[in-house]
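Shown next, in structure tokens, is the structure this report addresses.
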Protein chains: 2
Amino acid sequence: MPPRGKVGLREIAKAAHVSIATASRVMNGNGRVDPKIQKVVLAEARKLGVTPSQQFKSRTLAFLLSNRAMLHAFHSRILSGAEAHCAARGWDMVFLSYHYSPHTPWNELHLPRVIARRDLIRGVILAGTNSTNLLELLLHKGITFSLLGNNVMGEQARIEKCDVVYADDIQGGFDATQHLLRLGHRSIWFVGNDRLPWFARFLQGYRRAMLESGLTPRESTVDSDKDTECGFLGTKSLLARGEEVTAIVAGNDEVAGGVYKALRDRGLSIPQDVAVVGCDDTVGMWLFPALSTTREFPEQLGKSLVEAVLRRIETPDQDPQSITVPTEFIRRDSCGRPPQVLEELTQDAMHGSPI
Amino acid sequence: MPPRGKVGLREIAKAAHVSIATASRVMNGNGRVDPKIQKVVLAEARKLGVTPSQQFKSRTLAFLLSNRAMLHAFHSRILSGAEAHCAARGWDMVFLSYHYSPHTPWNELHLPRVIARRDLIRGVILAGTNSTNLLELLLHKGITFSLLGNNVMGEQARIEKCDVVYADDIQGGFDATQHLLRLGHRSIWFVGNDRLPWFARFLQGYRRAMLESGLTPRESTVDSDKDTECGFLGTKSLLARGEEVTAIVAGNDEVAGGVYKALRDRGLSIPQDVAVVGCDDTVGMWLFPALSTTREFPEQLGKSLVEAVLRRIETPDQDPQSITVPTEFIRRDSCGRPPQVLEELTQDAMHGSPI
DNA sequence: TGACTGTTGTGAAAATTTTCTTTAGCTTTA
DNA sequence: TAAAGCTAAAGAAAATTTTCACAACAGTCA
């Protein structure tokens, strides 16, 4: 149906039997519009051959990093990937960080002003650590967004109504632990801080792997928000208690850095005495010996987040999407067989290929 | 003069004897307007108590990272410091990255849309690698900004007309080299890439220190934009040529990481065989042995950049400011006395306190 | 030199967004 | 239980931005 002449809000409004103001509100994602009316307007617009993205002047997304000090290389790379994909699709992107409490009711949260100005920002990407009150607010204001699902606190039901992208770090924790188990380790400890949500999923994977092998998950958790400190203290206290340990699963690479320091302090060598794995592949390659860790493809996460929000802008009434980006375990030099297994191997004069 | 009733574009246009459209163009910075008329409109607007940015009283700064992949921990920390200081002063901040060629004439550069909108962004902080054409453009458009001076290409004269903040990395390079000289090193090499502007100033400090001690600066430079690779290859080729070397000044911490790898490959130990220093204090603490490096107080730089631009917003007609933030040399475990000196010390049975 | 062409800069008008008002459906309260 | 008060949602009106058309000017080519 080739529309003759210009097709503007006036025509759409007429076709949908609403005012121009309402048509404007629907097409640029502004203000609150009854979902029913929204649907009608979009349908009419489509009939006239107008999709939202053609309509808009501002092709800019906002990347909102919530409740983070933003120093983390991991998030920096997500942003980087998002930016690259934006550029490739002809969109701009601004980044801002935002701090809020998960306990503030949604209607008392005050969004950064730029986000609220919707003539500029067409969609938002939520990364960092979020909670459902912010989701509520954005939903309420009718702001289009996609969400990094890994660190969200609150009811799962609410989250599932959004477009969510996950890094599969549960599987990552599982794979990392599996690797250690295959090498013959049995005394495998988790070091991190289970109070912080970004360790929780990795820890969950660790637990599953341990339980599936009939072992008890054992955690040395320190409530500090400095990752390195957390790893250092967690390991120290574990060694001080005289626990048996041949391998350590660190909550992330920075934690692993602290673990390294503590082991070295005790004169233990890596990987001969203790094997270590990390998560996130941030500083792992700088450690010595180079850390075996879990790569999470942060650039890919960024790309998926952009894709999700652009898809939502194009077709506002589709069902919520959920995307999971896989992880990869990277073998470097921080894992070997545990001492006992090595001895047995030598005694039996076996020559199986090293795992 | 308190204007009665609303003051909008209609009133401003009337006072300046132009059309509303022109007033709009001036006030939001879109479209081309004759500078004379622009001036008249702004003057009338001010008389009516409306400055372009106050109109919507947006208190937002933009942090523009130019021509960088943004992964660098160093810039991430500048941003972090800027953000914190903004928040403390009640301002918002958005971050965006921007790529442009130093060779594009200023009037052909196209700024990110958000920046151009004065109703949103009252000031800009320029970090990353910049060139004078962008400064020209901002100056022309009348956009307030402050500038991180360390990586700017172009005439010094133009730069000095802006509010500039420097990290004193020339001094940093000098101090780092001094430290090695005091330890007794004489065969000190610089490893980096002298084509990249962010190594240039540190290198300059190194050179000065060498020359002042009557030594010839010696550089092994590799034209790669991957820092680690640059350090690795630079060191490898230097060793392959059989050059005498007891200490290496690496262009930054990532480069030092590559240097470590190359030394280790050759079976040389740090600091016994070769001393290494880095710059920027990014990954230095993760290396083993921990890297002695130069701290540049990036958070402080961010804070100073914000202060500079806010000062300029407050008092637009003050003289250009130039601020230099000092650096600090951090001693960790990567530097010792050179082998010959140690021998002498032992032979002479001296017991001077270690430097 | 004069016609042609392209570039600016402007106001008028059209399009769009935002604000203001009204209405209808709830909830609260006396 | 009815009046008062609230809130969401939509239209009307105002404000603002963008498009369009046109004039003024500069350069170019026959």
Side-chain angles (χ1 to χ4, degrees), chain A residues 3 5-42 44-45 48 50-60 105-108 111 113-122 136-144, chain B residues 3 5-42 44-45 48 50 52-58 105 107-108 110 113-114 116-120 140-141:
Chain A
K6 297 273 156 67
V7 179
L9 287 179
R10 179 195 302 282
E11 285 68 31
I12 297 172
K14 205 172 198 178
H17 303 289
V18 295
S19 68
I20 297 179
T22 302
S24 167
R25 285 188 266 258
V26 173
M27 294 308 279
N28 77 1
N30 237 359
R32 334 168 173 109
V33 179
D34 185 330
K36 285 175 211 161
I37 292 188
Q38 184 167 320
K39 226 167 188 172
V40 173
V41 174
L42 282 170
E44 290 299 329
L48 290 165
V50 182
T51 63
S53 76
Q54 291 170 346
Q55 187 74 17
F56 304 122
K57 343 160 161 228
S58 98
R59 293 166 70 84
T60 305
W106 66 266
N107 44 22
E108 286 172 25
L111 274 179
R113 280 172 274 256
V114 196
I115 300 276
R117 292 204 77 88
R118 266 148 306 173
D119 52 334
L120 277 167
I121 304 296
R122 277 294 295 137
E136 209 76 63
L137 176 60
L138 293 179
L139 246 28
H140 176 79
K141 289 217 170 196
I143 297 175
T144 312
Chain B
K6 296 271 156 69
V7 180
L9 287 180
R10 180 195 304 281
E11 285 68 31
I12 295 172
K14 206 173 198 177
H17 303 289
V18 294
S19 67
I20 297 179
T22 302
S24 165
R25 285 188 267 257
V26 173
M27 297 306 279
N28 75 8
N30 280 355
R32 292 178 263 260
V33 181
D34 185 333
K36 285 175 210 162
I37 294 189
Q38 191 165 323
K39 224 165 190 176
V40 173
V41 174
L42 284 172
E44 288 301 328
L48 289 166
V50 185
S53 19
Q54 273 167 1
Q55 187 173 9
F56 301 93
K57 49 183 173 213
S58 94
N107 45 21
E108 286 172 25
H110 113 98
R113 287 177 57 103
V114 198
R117 314 256 326 208
R118 297 220 203 117
D119 53 343
L120 270 171
H140 177 80
K141 289 216 171 199

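Just so we're on the same page: letters track the sequence lines, and every chain starts at 1. Hydrogens, waters and symmetry mates are skipped; everything else that's a heavy atom, side chains included, is used.
- Here the closest non-hydrogen pair linking M27(A) and R122(A) is O-NH2, 4.3 Å.
- The CZ-C1' distance, from R10(B) to dT17(D), rounds to 14 Å in whole Å.
- Interatomic distance, CG of L42(B) versus CD1 of I12(B), reported as 9.0 Å (0.5 Å rounding).
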What nitrogen or oxygen pairs link the protein and nucleotides 23-27 of chain C at under 3.5 Å?
none

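- In this model, the phosphate group of dT16(D) is not approached by any side-chain N or O of S24(B) to a distance below 4.0 Å at OP1 or OP2.
- For H17(B) and dG11(C), the NE2 to P distance is 12 Å, given to the nearest whole Å.
- Atom CD1 of I12(A) is separated from atom P of dA14(C) by 19 Å (rounded to the nearest Å).
- Between A15(B) and E44(B), the shortest heavy-atom distance links the atoms CB-OE1, 3.5 Å.
- Atom NZ in K36(A) sits 11.0 Å away from atom NZ in K39(A) (nearest 0.5 Å).
- We find that CG of L9(A) is positioned 4 Å from P of dT16(C), with the value rounded to whole Å.
- Take A13(A) and apply the side chain to side chain contact (heavy atoms under 4.5 Å, CB included) test, not counting sequence neighbours, and it matches V18(A), I20(A), A23(A).
- With rounding to whole Å, I20(B) atom CD1 is found 10 Å from dA12(C) atom P.
- Look at NZ on K14(B): it is 17 Å from C1' on dG11(C), rounded to the nearest Å.
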For nucleotides 7-10 of chain C, list the nitrogen or oxygen atoms of the protein found under 3.5 Å from its nitrogen or oxygen atoms, one pair per line.
unit_1: dT10(C); atom_1: OP2; unit_2: D34(B); atom_2: N; d: 3.1

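- In terms of the side-chain hydrogen bond (donor to acceptor under 3.5 Å, both in side chains) criterion, Q38(A) has no residue partners (sequence neighbours excluded).
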